Novice: 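Quick one: the structure is below, questions incoming.
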Amino acid sequence: MPELPEVQTVVNTLSPRLLGRTICGVDHARREVVRPCDFNLAGALRGRVVTGLTRRGKRIVFALDDGNRFYIHLGMSGRLTVERDDAPVQPHTHLIVTLGPQQLRFVDPRRFGGVFWMGKDSDGADMGPEPLGLRVHQLAERLSKTTRAIKNALLDQTLVAGLGNIYVDESLFAAGIHPLAPADKLSLEDVRRLNRAIKVTLRRAIRHRGSTLRDYVDADGEAGGFQLLHRVYGRESQPCRACQTPIQRIVLGGRSTHFCPKCQKEKKRGLLRFACRG
DNA sequence: GTCGATGTTATCAA
DNA sequence: TTTGATAACATCGA
């Protein structure tokens with residue numbers, strides 16, 4: 001579930017509850033949730049103060065007072081909540097960080113997520129740029145280098161960091177671009193609309209505290225509200241909100257892909273490469 | 001009971 | 001090199 005807007009919402013709701021707090025205890029039931037898997041997380045965290053909490057792509061990055069950092073990735077079904085230490089522990093709770101009477105709890109039934117130790121210097125150099133700060137020429141340049149369908153390209157975290165299945169579909173709809181359009185065949189005008197569409201879509205989703213399909217909640221346990229405003233995702237065969245044409249679903253790269261066949265026509269496009277001095 | 005689908009991504013083979 | 005398929009896992013609904 002968790003893509004950029006959900007992860008940002010978790011960070012926003014987590015911050016006031018964690019910043020400046022001292023970690024007094026760490027329990028992890030499964031050592032596989034921590035990477036590297038032989039790392040002594042409890043030893044590294046006990047006694048430390050949480051000095052920073054930020055988002056990078058879909059990662060939640062924790063900064064500590066000794067200069068070390070680690071990040072948590074929620075995978076498909078991860079939840080990160082702050083609860084009283086006497087609250088019942090849910091099934092599939094893999095990590096509990098105790099900060100006084102409150103505990104940070106990581107629950108992840110499908111176990112696609114994890115806790116990743118970064119140390120003092122590692123940064124997300126393996127990830128693409130943040131979509132909310134992305135410039136048109138930057139996006140065009142990156143898209144011009146791949147022939148893949150635009151849907152698959154945008155899901156690639158090394159191309160742009162933070163988009164997932166829902167927000168790629170929603171952004172492509174908002175930009176009027178067919179998900180199968182080859183990335184390097186978009187016109188510069190297409191990319192301009194796409195860049196705007198991505199930002200508008202993500203900002204609206206953050207304002208509505210993300211989309212809850214099944215598992216997602218923020219740090220306070222609250223569900224998001226943006227799923228009610230989806231224009232294409234999960235709306236197969238329902239009328240397009242713009243033109244009433246039934247929304248289509250196809251499978252692309254193993255992922256469900258939703259679009260309006262009328263608003264997102266497959267058409268002849270330019271060669272982005274020529275527009276990018278490359 | 002079985003099958004297929006679910007928001008992610010590391011890994012493997014073509 | 002690039003990219004498409006697959007696997008990792010648990011749960012839910014048809």
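None of the values given here were measured: they were computed from a predicted structure. Note on naming: letters A, B, ... go to the chains in the order of the sequence lines (proteins, then strands), and numbering restarts at 1 for each one. Both backbone and side-chain heavy atoms feed into the values below; hydrogens, waters and symmetry mates do not.
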Novice: Looking at residues at least two apart in the chain, or sitting in another chain, which of them share a side-chain hydrogen bond (donor to acceptor under 3.5 Å, both in side chains) with Thr146(A)?
Specialist: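 Result, side-chain hydrogen bond (donor to acceptor under 3.5 Å, both in side chains) vs Thr146(A): none returned.
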Novice: Is there a side-chain contact between Thr245(A) and Pro261(A) (heavy atoms, below 4.5 Å)?
Specialist: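 Answer yes - side chains close enough.
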Novice: Between Asp218(A) and Asp220(A) (side chain of the first, backbone of the second, donor and acceptor by atom type, cut-off under 3.5 Å), is there such a pair?
Specialist: yes
Novice: So which protein N/O to nucleotides 9-13 of chain B N/O distances come out below 3.5 Å?
Specialist:
{"unit_1": "dT9(B)", "atom_1": "OP1", "unit_2": "His73(A)", "atom_2": "NE2", "d": "2.5"}
{"unit_1": "dT9(B)", "atom_1": "OP2", "unit_2": "Lys58(A)", "atom_2": "NZ", "d": "3.1"}

Novice: List the residues meeting salt bridge (charged side-chain N to carboxylate O under 4.0 Å, His left out) with Arg56(A), not counting sequence neighbours, and say none if there are none.
Specialist: Glu130(A)
Novice: Take the protein atom CG of Asp215(A) and the nucleotide atom C1' of dA5(B), then report the distance between them rounded to whole Å.
Specialist: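 Nearest whole value for this atom pair: 13 Å.
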Novice: Starting at CD1 of Ile72(A) and ending at C1' of dT8(B), how long is that distance when rounded to a whole Å?
Specialist: 16 Å
Novice: Under 4.0 Å, heavy atoms only, any strand: does Gly164(A) hit a base, just the sugar-phosphate, or nothing?
Specialist: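 Here Gly164(A) touches the backbone only, sparing every base.
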Novice: Got Leu154(A) and Tyr167(A) here, is their nearest side-chain heavy-atom distance under 4.5 Å?
Specialist: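 Result no, sub-4.5 Å side-chain heavy-atom pair not found.
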Novice: Sorted by first residue and then second, give each side chain to side chain donor-acceptor pair (under 3.5 Å) pair with at least one member in residues 246-263 of chain A; sequence neighbours left out.
Specialist: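 Pairs touching residues 246-263 of chain A that pass the test: Lys151(A)-Thr257(A), Asp169(A)-His258(A), Glu236(A)-Arg249(A), Arg249(A)-Ser256(A).
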Novice: For the pair made of NE2 in His258(A) and P in dT6(B), what is the distance, rounded to whole Å?
Specialist: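 The answer, rounded to whole Å, is 7 Å.
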Novice: What pairs with Arg148(A) under salt bridge (charged side-chain N to carboxylate O under 4.0 Å, His left out), at least two apart in sequence or on another chain?
Specialist: Asp156(A)
Novice: Rounding to an integer number of Å, can you tell me how far Tyr233(A) OH sits from dA5(B) P?
Specialist: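 So the OH-P distance, Tyr233(A) to dA5(B), works out to 12 Å.
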Novice: Produce the list of close N/O pairs, under 3.5 Å, pairing protein atoms with atoms of nucleotides 1-4 of chain B; give distances to one decimal.
Specialist:
none

Novice: Determine whether the aromatic ring centres of residues Phe259(A) and His178(A) are separated by less than 6.0 angstrom.
Specialist: yes
Novice: Can you list every pair that meets ring-ring contact (aromatic ring centres under 6.0 Å, His included) and has a residue in residues 9-57 of chain A, with sequence neighbours left out?
Specialist: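 Counting only pairs at least two positions apart or across chains, the ring-ring contact (aromatic ring centres under 6.0 Å, His included) contacts touching residues 9-57 of chain A are Phe39(A)-Trp117(A).
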Novice: For the pair made of CD in Glu236(A) and P in dT6(B), what is the distance, rounded to whole Å?
Specialist: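 In whole Å, dT6(B) P and Glu236(A) CD are 10 Å from each other.
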Novice: First and last nucleotide of DNA chain C touching chain A, 5' to 3', heavy-atom cut-off 4.0 Å?
Specialist: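 Boundary nucleotides touching chain A, in 5' to 3' order, are dT3(C) to dC12(C).
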Novice: I need the CZ-C1' distance between Arg35(A) and dT8(B), as an integer number of Å.
Specialist: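 The distance from CZ of Arg35(A) to C1' of dT8(B) comes to 12 Å, rounded to the nearest Å.
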Novice: Please state the C1' separation for the pair dA10(B) and dT11(C) - nearest whole angstrom.
Specialist: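 Result for the C1' pair: 23 Å, nearest Å.
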Novice: In whole Å, what separates the P atom of dT1(C) from that of dT9(B)?
Specialist: 24 Å
Novice: Could you tell me if the side chain of Thr212(A) sits less than 4.5 Å from the side chain of Val217(A), heavy atoms only?
Specialist: no
Novice: Once pairs are restricted to Watson-Crick or G-U wobble with both distances under 3.5 Å, how does DNA chain B read as a dot-bracket string, [ ] for crossings and | for other-strand pairs?
Specialist: .|||||.|||||||
Novice: Donor-acceptor check, side chain of Ser144(A) to backbone of Glu141(A), threshold 3.5 angstrom: yes or no?
Specialist: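 Answer holds: yes.
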Novice: Would you give me the side-chain donor-acceptor pairs under 3.5 Å for residues 194-208 of chain A, sequence neighbours excluded?
Specialist:
{"unit_1": "Asn195(A)", "atom_1": "ND2", "unit_2": "Leu134(A)", "atom_2": "O", "d": "3.2"}
{"unit_1": "Lys199(A)", "atom_1": "NZ", "unit_2": "Leu134(A)", "atom_2": "O", "d": "2.5"}
{"unit_1": "Thr201(A)", "atom_1": "OG1", "unit_2": "Ala197(A)", "atom_2": "O", "d": "2.6"}

Novice: Hydrophobic clusters join Ile, Leu, Val, Met, Phe, Trp and Tyr when side-chain heavy atoms are under 4.5 Å apart, directly or via other members; which others share one with Ile247(A)?
Specialist: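 In the cluster with Ile247(A) are Phe173(A), Val232(A).
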Novice: For residues 88-97 of chain A, dump all side-chain donor-acceptor pairs below 3.5 Å to protein atoms at least two apart in sequence or in another chain.
Specialist:
{"unit_1": "Thr93(A)", "atom_1": "OG1", "unit_2": "Gln90(A)", "atom_2": "O", "d": "2.6"}
{"unit_1": "His94(A)", "atom_1": "NE2", "unit_2": "His92(A)", "atom_2": "O", "d": "3.4"}
{"unit_1": "His94(A)", "atom_1": "NE2", "unit_2": "Asp108(A)", "atom_2": "O", "d": "2.7"}

Novice: How close or far is atom P of dT6(B) from atom CD of Glu6(A), stated in whole angstroms?
Specialist: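 Taking CD of Glu6(A) and P of dT6(B), I get 16 Å after rounding.
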